[in-house]
Amino acid sequence: QVQLVESGGGLVQAGGSLRVSCAASGSIFSSYAMAWFRQAPGKERDFVAYIAWSGGIPYYSNSAKGRFTISRDDTKNTVYLQMNSLKPEDTAVYYCAAARVATTQRAGYDYWGQGTQVTVSS
């Protein structure tokens with residue numbers, strides 16, 4: 001069992017930066033792939049980025065590539081999403097998720113956090 005708690009969301013102006021965090025507790029964090037998804041009002045929950053359990057090469061959605069960086073600190077059981085050059089269309093609730101195998105598919109994730117709101121003003 002893995003419990004996930006996101007933090008660090010907030011309001012930021014377009015072009016600004018924000019880092020969201022996800023603290024995990026419970027099972028062995030280092031054996032799980034970790035991902036970030038986001039959900040804007042009235043839209044589906046979309047994949048943003050993942051990082052494999054081995055600390056392998058991260059993978060990003062096209063919208064995140066070049067602007068966002070996912071990282072993990074297994075000593076702190078925490079995964080981060082650093083977001084730069086934010087745009088109003090990045091406004092969403094950001095969720096972290098854990099899975100045994102890294103995937104871009106929402107259905108592949110077994111555990112989810114409660115989400116943290118990120119709002120980018122124009």
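Values reported hereafter were calculated over all heavy atoms of this structure, with side chains retained and with hydrogens, waters and symmetry mates removed. Quick note: residue numbers are just sequence positions, from 1.
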Using the test side chain to side chain donor-acceptor pair (under 3.5 Å), find all partners of [X] that sit at least two apart in sequence or belong to another chain.
X      : result
Ser122 : none
Gln117 : Thr119
Asn84  : Ser17, Gln82
Ser85  : none

Mind checking whether Phe37 and Tyr95 have ring centres under 6.0 Å apart?
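Centroid distance Phe37-Tyr95: not below 6.0 Å, so no.
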Check salt bridge (charged side-chain N to carboxylate O under 4.0 Å, His left out) between Arg67 and all other residues, then give those that pass, not counting sequence neighbours.
Asp90
May I have all residue pairs that pass side chain to side chain donor-acceptor pair (under 3.5 Å) and include part of residues 101-110, sequence neighbours excluded?
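Found none.
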Point-to-point distance, once rounded to the nearest 0.5 Å, from CD of Gln13 to CG of Leu11:
8.0 Å
Would you check if [X] and [Y] make a side-chain contact, meaning some heavy-atom pair closer than 4.5 Å?
X     : Y     : answer
Pro58 : Thr69 : no
Tyr80 : Arg72 : no
Trp36 : Met83 : no

Under 3.5 Å, is there a donor-acceptor pair between the side chain of Tyr60 and the main chain of Ile70?
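Yes, because the side chain of Tyr60 sits within donor-acceptor range (under 3.5 Å) of the backbone of Ile70.
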Closer than 3.5 angstrom, by distance alone: can the side chain of Glu6 be matched with the main-chain N or O of Gln114 as a donor-acceptor pair?
yes
Could you name each residue pair satisfying disulfide (SG to SG under 2.5 Å) that touches residues 67-122, not counting sequence neighbours?
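Qualifying pairs, neighbours excluded: Cys22-Cys96.
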May I have all residue pairs that pass disulfide (SG to SG under 2.5 Å) and include part of residues 57-90, sequence neighbours excluded?
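For residues 57-90, and leaving out neighbouring residues, there are no disulfide (SG to SG under 2.5 Å) pairs at all.
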Derivation and outcome, side chain to side chain contact (heavy atoms under 4.5 Å, CB included), residues Tyr32 and Arg100
CA-CA 5 Å; Tyr32 283 86; Arg100 288 291 189 180; 3.5 Å; yes
For [X], enumerate each residue passing the side chain to side chain contact (heavy atoms under 4.5 Å, CB included) test, keeping only those at least two apart in sequence or located in another chain.
X     : result
Ala14 : Pro88, Val120
Ala33 : Ala102
Ser7  : Ser21

Non-hydrogen atoms of Arg38 and Tyr94 that approach each other most closely
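Smallest interatomic distance, heavy atoms only, reads NH1-OH, 2.9 Å.
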Shortest non-hydrogen contact from Val2 to Ala98?
CG1-CB, 4.5 Å
Do [X] and [Y] share a hydrophobic cluster (ILVMFWY, side-chain heavy atoms under 4.5 Å, transitive)?
X      : Y     : answer
Val20  : Phe47 : no
Phe68  : Val12 : yes
Tyr50  : Leu81 : no
Trp112 : Val48 : no

Counting neighbours of OH on Tyr111 that are heavy atoms of other residues, nucleotides or ligands and sit closer than 6.0 Å, is the number greater than 12?
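Yes, OH of Tyr111 has more than 12 neighbouring heavy atoms, counting only those of other groups under 6.0 Å.
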